[in-house]
Amino acid sequence: MTIRQLLCIDTEGRGIGADIAAAAEGFALRVAVSIEHAGQLAHVRPPAVGVVVLPGPGTGTAALERFLSEHATIRWVAVCAPEALQHGPCRQLVHDHCIDYHTLPLDRQRLRHTLGHALGLAALGEGQAVPHGSHAMRLTGDSAPIVGLRQRIAKVAAADAPVLIWGESGTGKELVARAVHDCSARARGPFVPINCGAIPASLVQSELFGHEKGAFTGAARARPGLIESAAGGTVLLDEIGDLPLEMQANLLRFLQEKTIHRLGGTRAVPVDVRVVAASHVNLQQAVARGSFREDLFYRLNVLALEVPPLRERRDDVVALAQLFFREYAAERAPHVRGFSSRALAALRAHDWPGNVRELLNRVRRAAVMAEHRLIGPADLDLAGKADGEPPLALHGARVQAERHAIEAGLHAGKSVTRVARELGVSRMTLYRLMAKHSIVTPARRRTP
């Protein structure tokens, strides 16, 4: 069950604590009076849901936006004065980081309903329906394919039969295998991943099943194999399709008898281990080609899980990108703070032939190499993708018009002060908008 922790951030002391407390009946409510205080509370006891009281128009939102980006797994609900929604940065903050917003004066009943909805979303997103495991929660995303996969993992984990995981390269098959292990009754036992394609053919027998002393030159002592080392837990045979045919027969015997014979040994060694196999190759086609044993295929394919490619779960791309951006924070350039709207559009438009692994590589590279505060499409090597998006929704059209208006004034040679006056905003507001859109004045542009 999801822990009903609720974090409220109210840096300006709006005096609406009583309304929020009344709406948060059933939650353990904690109120932070500063961003630093909120960070401390979130670290000590991470909440599933948060309420952020937005500052008034004209007040900087950069620190708050950075905090919300760093705690994107929390489902945020914004509370603000009606006039705040006329302020560009506040609108953008709500759009990018919150699942809903409420304006003052608060409707307690409606806010109570929203908090309950947010808690339900948090339970789905964190995999709380899965009984054990932390790794199942790391299957980031709320798209239908990934929610369905989490549900199937919960069912598969409850049994003890062999599992075959299929998916394209880079989709996260090992993460799914770890989730199956962590959600099973074997969670306290070892999880031993073995890359079958990385073991030299001459060493496969010894690596998988172990050897006795003197079994071959250099075997100075007996050594258990990787399968035996997973006793009481789970062994992942990754890229099982690369296993040589002669070793497939030995593996089949192990699956049938639950015993192994070490290389050079004469006695059978019983091993209690669950076998999970994974492959990016369609094993049914490999059987038809004669490169994989049909009887082994049916032994492994008792319970099957298919990991969806990233192109089929586009709704998760932005969440994954933000997760990787946070996980590799120590690597990124100090001035880089997040993604521009055009970068997020480019991420959603890309087909991701390399799946999650490709997304991770692009985000890590962009976080190191980006020159501006916000990562743009070019930093991700997706410069042409943002322009290929379908027609923008109303909000997207407004954001695009905002950017074009600023660029038009600056490229015409006008000063920042004059452009701000013509647009009806203060110079500080214009600077914030320029930072949001990664716009620099022509005088500051670098020459190639």
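The model shown is predicted, which means the values in this text are computed figures rather than measured ones.
The distance from atom CD of Q92 to atom NE2 of H95, rounded to the nearest 0.5 Å, is 6.5 Å. In this structure, the separation between CG on L360 and CG on L323 is 9.5 Å, given to the nearest 0.5 Å. In this structure, the separation between CZ on R66 and OG1 on T61 is 10.5 Å, given to the nearest 0.5 Å. In this structure, the separation between CG on N282 and CD on E168 is 11.5 Å, given to the nearest 0.5 Å. Atom-to-atom distance recorded for F324:CZ and E331:CD is 12.5 Å, nearest 0.5 angstrom. Rounded to the nearest 0.5 Å, atoms CD1 (I260) and CZ (F209) are 7.0 Å apart.
A tilted orientation is assigned to the rings of F191 and H181, their planes being inclined by 30° to 60°. H350 and W352 have perpendicular rings, their planes meeting at more than 60° on a 0 to 90° scale where under 30° would count as parallel.
Sparse packing is recorded around NZ of K155, with 12 or fewer heavy atoms of other residues, nucleotides or ligands lying under 6.0 Å away. Residue H37 qualifies as enclosed at atom NE2: its count of foreign heavy atoms under 6.0 Å is above 12.
Using a 4.5 Å cut-off on side-chain heavy atoms (C-beta onward), R348 and V318 make contact. Residues L7 and W76 have side chains in contact (heavy-atom distance under 4.5 Å, counting atoms from C-beta outward). Contact annotation: the side chain of D272 approaches that of R186 to within less than 4.5 Å [non-hydrogen atoms, C-beta and beyond]. Put simply, the side chain of L359 reaches to within 4.5 Å of the side chain of L347, judged on heavy atoms. In this structure, the side chains of I375 and R362 stay at 4.5 Å or more apart for every pair of heavy atoms. D142 is not listed as a side-chain neighbour of D315, based on a closest heavy-atom distance of 4.5 Å or more. Two residues are said to be in side-chain contact when any heavy atoms from C-beta on lie closer than 4.5 Å; T171 and V176 fail this criterion. Looking only at side-chain heavy atoms (C-beta outward), V51 and L115 come within less than 4.5 Å of each other.
F325 carries R332 over the face of its six-membered ring, with the cationic atom under 6.0 Å from the centre and within 45° of the normal.
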Please tabulate, one pair per line, all N/O donor-acceptor pairs under 3.5 Å involving side-chain atoms of residues 79-87, not counting sequence neighbours.
none

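Contact between R75 and I99 at its shortest, heavy atoms only, is CD-CG2, 4.2 Å. Closest of all the heavy-atom pairs between G241 and S279 is N-OG, 4.2 Å. Heavy-atom minimum distance, L303 versus A161: CD1-CB, 4.1 Å. Residue G50 comes nearest to I74 through the heavy atom pair N-CG2, 3.5 Å, listed as atom of the first residue, atom of the second, then distance. When all heavy atoms of I20 and C8 are compared, the closest pair comes out as CD1-SG, 3.7 Å. Shortest non-hydrogen contact noted between S184 and A157 is CB-O, 3.5 Å.
Between the side chain of H335 and the backbone N or O of A370, at least one donor-acceptor pair lies under 3.5 Å. Checking side-chain atoms of H280 against main-chain N and O of E239 turns up no donor-acceptor pair under 3.5 Å. A donor-acceptor pair under 3.5 Å is absent between the side-chain atoms of R274 and the main chain of T234, judged by distance alone. No side-chain donor-acceptor contact under 3.5 Å links R4 to the backbone of A24. Side-chain atoms of D379 come within 3.5 Å of backbone atoms of G376 as a donor-acceptor pair (strictly under, hydrogens ignored). Under the 3.5 Å distance criterion, the side-chain polar atoms of N355 are matched with a main-chain donor or acceptor of S169. Under the 3.5 Å distance criterion, the side-chain polar atoms of R30 are matched with a main-chain donor or acceptor of L41.
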Would W166 and L283 count as a side chain to side chain contact (heavy atoms under 4.5 Å, CB included) if you check the C-alpha gap in whole Å, the side-chain angles of each, and the deciding distance to 0.1 Å?
CA-CA 9 Å; W166 184 87; L283 293 185; 5.9 Å; no

Output, in order, the C-alpha distance, side-chain angles, deciding distance and verdict of side chain to side chain contact (heavy atoms under 4.5 Å, CB included) for L208 and L243.
CA-CA 11 Å; L208 292 184; L243 197 65; 4.2 Å; yes

Worked verdict on L310 versus E358 for side chain to side chain contact (heavy atoms under 4.5 Å, CB included):
CA-CA 10 Å; L310 192 53; E358 178 189 355; over 6 Å; no

Test V77 against H102 for side chain to side chain contact (heavy atoms under 4.5 Å, CB included), laying out the working first.
CA-CA 8 Å; V77 178; H102 292 251; 3.7 Å; yes

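Sorted by first and then second residue, the side-chain hydrogen bond (donor to acceptor under 3.5 Å, both in side chains) pairs with a member in residues 16-28 read D19-R108; sequence neighbours excluded.
Under the 3.5 Å distance criterion, with hydrogens and angles disregarded, a donor-acceptor pair is assigned to the side chains of D316 and S143.
D351 and R314 are joined by a salt bridge, as a carboxylate oxygen and a charged side-chain nitrogen come within less than 4.0 angstrom of each other.
Partners of A230 by side-chain contact (heavy atoms from CB on, under 4.5 Å), not counting sequence neighbours, listed by chain and number: V192, V235, V273.
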